[in-house]
Engineer: 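One structure is given below, represented as structure tokens, and several questions about it will come after.
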Amino acid sequence: MEKLNPTKRDNFGSKLGVVAAAAGSAIGLGNIWKFPYITGVYGGGAFLFVYLGFILAIGLPIMLSEFVIGRKGGRNPFGAFKKLAPNTPWKYVGLMGVAAAFMILSFYGVIAGWSIEYVIKSLGNQFHEKSPAELNTLFSTFQESTITPVLFQLLFMVATGAIVMIGIKKGIEKFSKILMPVLVLIIIILDVKALSLDGAAEGLRFLFYPDFSKLTSEGVLSALGHAFFTLSLGMGTIITYGSYINKKNNLIHTAIQVTVADTVIALLAGIAIFPAVFAFGIEEASGPGLVFITLPNVFELMPGGYFFSILFFVLLTIAALTSSISILEVAVSYFSEELKIKRRNATILATVLISFLGILCSLSMGIMKDVTFFDLNFFDLLDWISANMLLPLGGMFIALFTGWYLGRKKIKDEILHGGYISKFFLNGFLFLVKILAPVAIAVVFLHGIGLISF
Ligand code: PFF
């Protein structure tokens, strides 16, 4: 019989639960909203090519590193570093992750709020018989308004806080397992429709044909930042989830499954969006509104489009929720385990603080548009600092920690609990985390911010 232990932490119930929850964290607005929008801004195929390279050579090994650190440390990121590397500054990597969590969730909640608004617009059949230009105006009028986007952002934050309060297993695991597959199905249906449109070939060419003359160093840095963002890496989310995984789980399989699922969904989203962008003459570099402007055009043309649009935005909101709970969890587990605040109060505190920052993000699209820092509004600033700075730097330290501090034997022991690792794979992994990933991140980062140039 299992001994009762009052300090025992909640665990994921099953193998599928782990993959589903980690995939639930990875798959979200990053895949369906952000990936198409930044691919549009940075010129298409070449950006995609670089992004996929980063996912494989940097994202995947760092995901495995986070799982190893998390399961071995058994704590929130700050606590895990403190336990695995006592009396060293490594714990501050965990703290940087908490800061990133605050920033990301602030603007993430705004976009999720837009998604809720689009559920309501869908229910009211508001896309019906509107031209592409009218759908564009529908979006920009809403986005620039003051009250409604803030209210929906707050609603989303309350939902996120409530799920985190219920606890890991019941809240997160149940949600993710059922709903993610339905979302994938809808995106595939959208793909089929998008591919039948007149502009399909041009859209696919934009997405897949790599024209490297369009690539800028900022684009490369954004591809790197997005590889971290989309896989939920660099800020300890996967460390936190790893701490809830039991020893029987095969960490390598889990890391590969999550990475592949996340990448496939981003590609499916791109295939749904770019053909439609070209078919309806939408500016591919429209920015954060791209998905909200493009997809209603597609729904308008589909039989049953009314229902599909409702279902799509409901599921997009839920995909956002399974990610946002994982972001909030980083802050909450830090507050409750390190600052010894009751979990419930920690959740309330983090949710309130983040919601406040989120209001500023939302207003920076409208009445606070002119308040800029380095030419970026508040929303873009938080997005830029977190995705393009904190996550890559966090990822670099996580790779260095795994490769140089934990080292071969400890990594191997942790992986061997529930899996097998060949010498070849282990050597390859060590090379990536000790050398390739840190050097590549440092070079891309310094080049992207203009400190070095070739
Ligand atoms: N990966 C999520 C997405 O693609 O929507 C966003 C995210 C979740 C980023 C968790 C970072 C994180 F720690």
Side-chain angles (χ1 to χ4, degrees), residues 20-39 51 54-55 59 62-63 65-67 69-70 76-77 93-94 96-115 156 160 163-164 172 176 179-180 183-184 187 222-243 255 258-259 261-270 288 291 315-334 350 354 382-395 398:
S25 166
I27 297 160
L29 296 173
N31 307 62
I32 297 160
W33 158 73
K34 197 172 179 190
F35 167 73
Y37 124 56
I38 57 175
T39 304
Y51 161 76
F54 286 148
I55 290 278
I62 292 184
M63 176 161 309
S65 304
E66 288 206 24
F67 274 135
I69 296 172
N76 69 80
V93 177
M96 197 160 89
V98 177
F102 266 77
M103 294 188 190
I104 291 179
L105 194 47
S106 309
F107 71 82
Y108 206 81
V110 174
I111 308 299
W114 293 358
S115 181
F156 180 81
T160 303
I163 297 174
V164 169
I172 302 177
S176 316
L179 294 165
M180 287 301 115
L183 177 68
V184 177
I187 299 178
S222 294
L224 178 70
H226 190 62
F228 281 100
F229 184 88
T230 193
L231 293 174
S232 306
L233 296 176
M235 54 176 262
T237 303
I238 299 296
I239 296 184
T240 309
Y241 274 27
S243 73
V258 174
T259 305
D262 187 83
T263 307
V264 167
I265 294 186
L267 291 174
L268 289 175
V291 177
L315 289 169
L316 182 62
T317 309
I318 292 170
L321 259 181
T322 57
S323 302
S324 63
I325 50 184
S326 73
I327 307 175
L328 188 60
E329 180 65 33
V330 172
V332 169
S333 62
Y334 170 72
I354 292 170
L382 290 196
D383 182 356
W384 203 93
I385 295 180
S386 54
N388 292 359
M389 271 177 84
L390 297 181
L391 299 186
L393 291 181
I398 287 167

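Order of appearance sets the numbers: ligands from 1, and atoms from 1 within every ligand.
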Engineer: Using a strict 4.0 Å cut-off to heavy atoms of S326, name the atoms of ligand 1 that fall inside it.
Structural biologist: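 With S326 as reference, the close atoms of ligand 1 come out as 10 (C).
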Engineer: Who's the nearest protein heavy-atom neighbour of atom 4 (O) of ligand 1, and how far?
Structural biologist: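 The closest one turns out to be A26 O, 2.9 Å.
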Engineer: Against heavy atoms of N31, which atoms of ligand 1 measure under 4.0 Å?
Structural biologist: 4 (O)
Engineer: Sort out for me which residue in D262, I238, T237, I27 forms a side-chain contact (heavy atoms from CB on, under 4.5 Å) with L231.
Structural biologist: D262
Engineer: Would you say Y334's side chain and G94's backbone share a donor-acceptor pair under 3.5 angstrom?
Structural biologist: no
Engineer: Side chain of T230, backbone of H226: donor and acceptor closer than 3.5 Å?
Structural biologist: no
Engineer: Is the backbone of V291 close enough, under 3.5 Å, to the side chain of W33 for a donor and an acceptor to pair up by distance?
Structural biologist: no
Engineer: Test your reading of the structure: does M235 have an N or O sitting under 3.5 Å from an N or O of ligand 1?
Structural biologist: no
Engineer: Between I104 and ligand 1, is there a nitrogen or oxygen pair with a distance under 3.5 Å?
Structural biologist: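 No, there is no polar N/O contact under 3.5 Å.
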Engineer: Checking N388 side chain against I385 main chain: does a donor-acceptor pair fall under 3.5 Å?
Structural biologist: no
Engineer: Can you see whether S25 engages S232 through a side-chain donor-acceptor pair at a distance of less than 3.5 angstrom?
Structural biologist: yes
Engineer: Restricting to non-hydrogen atoms, name the atom on A350 and the atom on A331 that form the minimum distance, rounded to 0.1 Å.
Structural biologist: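 Smallest heavy-atom distance, with atoms named: CB-CB, 4.2 Å.
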Engineer: Is there a polar contact between ligand 1 and L29, counting only N or O atoms under 3.5 Å apart?
Structural biologist: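 Yes: some nitrogen or oxygen of L29 is under 3.5 Å from one in ligand 1.
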Engineer: Please find the pair of heavy atoms, one from S323 and one from G28, that lie closest to each other, and give the distance.
Structural biologist: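 Here S323 and G28 meet closest at OG-CA, 3.6 Å.
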Engineer: Quick check: closest heavy atoms across S326 and Y241, and the distance to 0.1 Å?
Structural biologist: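 Heavy-atom minimum between the residues: CB-OH, 3.2 Å.
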Engineer: If I apply the N/O under 3.5 Å rule, does G30 come out as touching ligand 1?
Structural biologist: yes
Engineer: Would you tell me which option among G236, S232, A320 has the nearest heavy-atom contact to atom 11 (C) of ligand 1?
Structural biologist: S232
Engineer: Quick one: which of S25, G97, G24, G28 has a heavy atom closest to atom 2 (C) of ligand 1?
Structural biologist: S25
Engineer: I'd like to check whether D262 has a polar contact with ligand 1, where a contact means an N/O of the residue lying under 3.5 Å from an N/O of the ligand.
Structural biologist: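 Such a contact does not occur with ligand 1.
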Engineer: For ligand 1, which part of Y108 has a heavy atom less than 4.0 Å away: the side chain, the backbone, both, or neither?
Structural biologist: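 Under 4.0 Å from ligand 1, Y108 contributes side-chain atoms alone.
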Engineer: For atom 13 (F) of ligand 1, find the nearest protein heavy atom and state the residue, atom name and distance (0.1 Å precision).
Structural biologist: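 Going by distance alone, atom 13 (F) of ligand 1 is nearest to T237 OG1, 2.4 Å.
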Engineer: Which of the listed options, F229, F35, Y241, holds the heavy atom that is closest to atom 1 (N) of ligand 1?
Structural biologist: F229
